[in-house]
2 protein chains.
Amino acid sequence: MQLPVDTAKHQVDTVRVDDDARQRLIACVELLFFAYRDFTSDPDRLLDQYGFGRAHHRVLHFVSRNPGLRVADLLLILQITKQSLARVLKQLIDEGFIAQRSGKEDRRERLLFVTIKGAKLADRLTDLQVRRIAEALEKAGPEADEMTRRFLFAMIGEKDREKVRELIRLTGASLPEPANAERPIPEDAT
Amino acid sequence: MQLPVDTAKHQVDTVRVDDDARQRLIACVELLFFAYRDFTSDPDRLLDQYGFGRAHHRVLHFVSRNPGLRVADLLLILQITKQSLARVLKQLIDEGFIAQRSGKEDRRERLLFVTIKGAKLADRLTDLQVRRIAEALEKAGPEADEMTRRFLFAMIGEKDREKVRELIRLTGASLPEPANAERPIPEDAT
DNA sequence: AATTTACGTCAGTGATGTTGACTTATTTGG
DNA sequence: CCAAATAAGTCAACATCACTGACGTAAATT
């Protein structure tokens, strides 16, 4: 590529002390961009073969991991609008990757489940991502596993952290300070 | 949210040994999604005020960090098409955030630079992201800094790693095995 | 019985990406 | 020196994924 060198025109004689620290943090910013770019590239290729996009992937993934998820939950997780979700969800249902059932207690709710077909695709997609992460953790060193989870968790907006902690349901030392050790396990489940 | 519990219908009696490991890896997959979602949310809010999107941010960032970047370089970095870049780049130029100059040696090249205005916005955006990362690293622990960079770097597709290493120009122990200690520093620079 | 809730849907819009083809200016190589 | 390759810009058409706002329907709640 032959990139030119940054001659640091801006912030010339500001605090030199944390200048180095800032450079390392900016490296993190850029690394996160590249890491995510490539993290999504493997699934994207597979999804293309089904005529699906990243939006389909996210829906399929979270429904697969959380059978009986409600539409409202999905909206909270993905932080998109009902209309955005509707399109991809409809496709996934129409093509037999996701099935829905009315809730027993509240029949307004549509509980979402993956079909066998959907589970297969979800697993293939997850395998691709798990493989890349496993390799990266191995390359990063023995303690990268835990450290990375702690870092990524801390990157989440404070308001959503508890929700995410419940969602990914990782117990033990894997995440910092569970704040509330009680984990009321609902018994309905599928 | 009251999410139902995964009853693990799939891969029932396969290897139980790394089942736990797989769960932790899947947690990483999901954490990366949430982390990136929130990582981009701060800049997005600021960009909105300028009528810009994420695409503008990426262009502005890399031009700001690499003055004199060529269009072709940008295409390699962002991995988008010329047409996608053209739209946002044109806007950034028209609105005075980025300036271009023909290359001295090769006058076909259009070298890109941020203007003062562009540098200010780029710095504000970077500050937002740096702040979130700094906080997350602090919460994750003392060695998260280095570990996280190693992990993120290893997440990058093997073919692009060297390019990225040059681009983010982090030396020393910050990244694993530089492979080639020689770093020929081009002297043209701006 | 009225309100709220969960979900679906219609219509319109915008940001960002894609492909393919073509032009212009400039450098390079036989 | 002229042909080919290269860097960049441009046009047209299109897909995906997000948005807003409004409205409908069924079921639960008050």
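The basis for the numbers below is simple: all heavy atoms, side chains too, and nothing from hydrogens, waters or symmetry mates. Numbers restart at 1 for each chain; the letters A, B, ... are given by sequence-line order, proteins then strands. Please read all numbers here as calculations on a predicted model, not as lab measurements.
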Under 4.0 Å from any atom of DNA chain D, heavy atoms only: list the residues of residues 45-61 of chain A that qualify, in numerical order.
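The stretch gives A:Gly53, A:Arg54, A:Ala55, A:His56, A:Arg58 as the residues lying under 4.0 Å from the strand, ordered by number.
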Which pairs, with at least one residue in residues 48-59 of chain B and sequence neighbours excluded, count as a salt bridge (Lys or Arg N to Asp or Glu O under 4.0 Å)?
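Matches after skipping sequence neighbours: B:Asp44-B:Arg54.
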Expressed in angstrom and rounded to an integer, what is the separation of [X] atom [atom1] from [N] atom [atom2]?
| X | N | atom1 | atom2 | value |
| --- | --- | --- | --- | --- |
| A:Asp44 | D:dA15 | CG | C1' | 14 Å |
| B:Leu85 | C:dG17 | CG | P | 9 Å |
| B:Leu111 | D:dG9 | CG | P | 11 Å |
| B:Gln79 | C:dT18 | CD | P | 10 Å |
| B:Gln83 | D:dA7 | CD | C1' | 14 Å |
| A:Leu75 | C:dA6 | CG | P | 11 Å |

B:Gln100: which residues meet the side chain to side chain donor-acceptor pair (under 3.5 Å) condition with it, sequence neighbours left out?
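B:Gln100 satisfies side chain to side chain donor-acceptor pair (under 3.5 Å) with B:Arg110 only.
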Residues which pass side chain to side chain donor-acceptor pair (under 3.5 Å) with B:Gln79, listed by chain and number, not counting sequence neighbours:
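B:Gln79 satisfies side chain to side chain donor-acceptor pair (under 3.5 Å) with A:Arg37 once adjacent residues are dropped.
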Compare the minimum distances between each of C:dG8, C:dT19, D:dA8 and the side chain of A:Arg110, then state the nucleotide with the smallest one.
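So the side chain of A:Arg110 is nearest to C:dG8.
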Closest listed nucleotide, where the reference is the side chain of A:Ile80 and the choices are D:dA8, D:dA18, C:dT9
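Per side-chain heavy atoms of A:Ile80, the pick is D:dA18.
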Return the set of residues passing side chain to side chain contact (heavy atoms under 4.5 Å, CB included) with A:Gln129 (not counting sequence neighbours), or none when no residue passes.
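Only A:Phe39, A:Pro43, A:His57, B:Val29 meet the side chain to side chain contact (heavy atoms under 4.5 Å, CB included) criterion with A:Gln129.
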For B:Arg108, which residues count as a side chain to side chain contact (heavy atoms under 4.5 Å, CB included) partner, sequence neighbours excluded?
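Expected list: B:Asp106.
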Applying ring-ring contact (aromatic ring centres under 6.0 Å, His included) as the test, list every pair that has at least one member in residues 73-101 of chain A; sequence neighbours left out.
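Every pair satisfying ring-ring contact (aromatic ring centres under 6.0 Å, His included) with a residue in residues 73-101 of chain A: A:Tyr50-A:Phe97, A:Phe52-A:Phe97.
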On the nucleotide [N], are OP1 or OP2 found under 4.0 Å from the side-chain N or O atoms that [X] carries?
| X | N | result |
| --- | --- | --- |
| B:Thr81 | C:dG17 | no |
| A:Ser84 | D:dC19 | yes |
| B:Arg87 | C:dG17 | no |
| A:Gln100 | C:dA6 | no |

Under 3.5 Å, side-chain donor or acceptor atoms of residues 82-93 of chain A against the rest of the protein: list the pairs with distances, not counting sequence neighbours.
{"from": "A:Ser84", "atom 1": "OG", "to": "A:Thr81", "atom 2": "OG1", "distance (Å)": "3.1"}
{"from": "A:Lys90", "atom 1": "NZ", "to": "A:Asp94", "atom 2": "OD2", "distance (Å)": "2.9"}
{"from": "A:Gln91", "atom 1": "OE1", "to": "A:His56", "atom 2": "NE2", "distance (Å)": "3.0"}

Would you tabulate the pairs of protein nitrogen or oxygen atoms and nucleotide nitrogen or oxygen atoms of nucleotides 24-30 of chain D closer than 3.5 angstrom?
{"from": "D:dA28", "atom 1": "OP1", "to": "A:Arg107", "atom 2": "N", "distance (Å)": "3.1"}

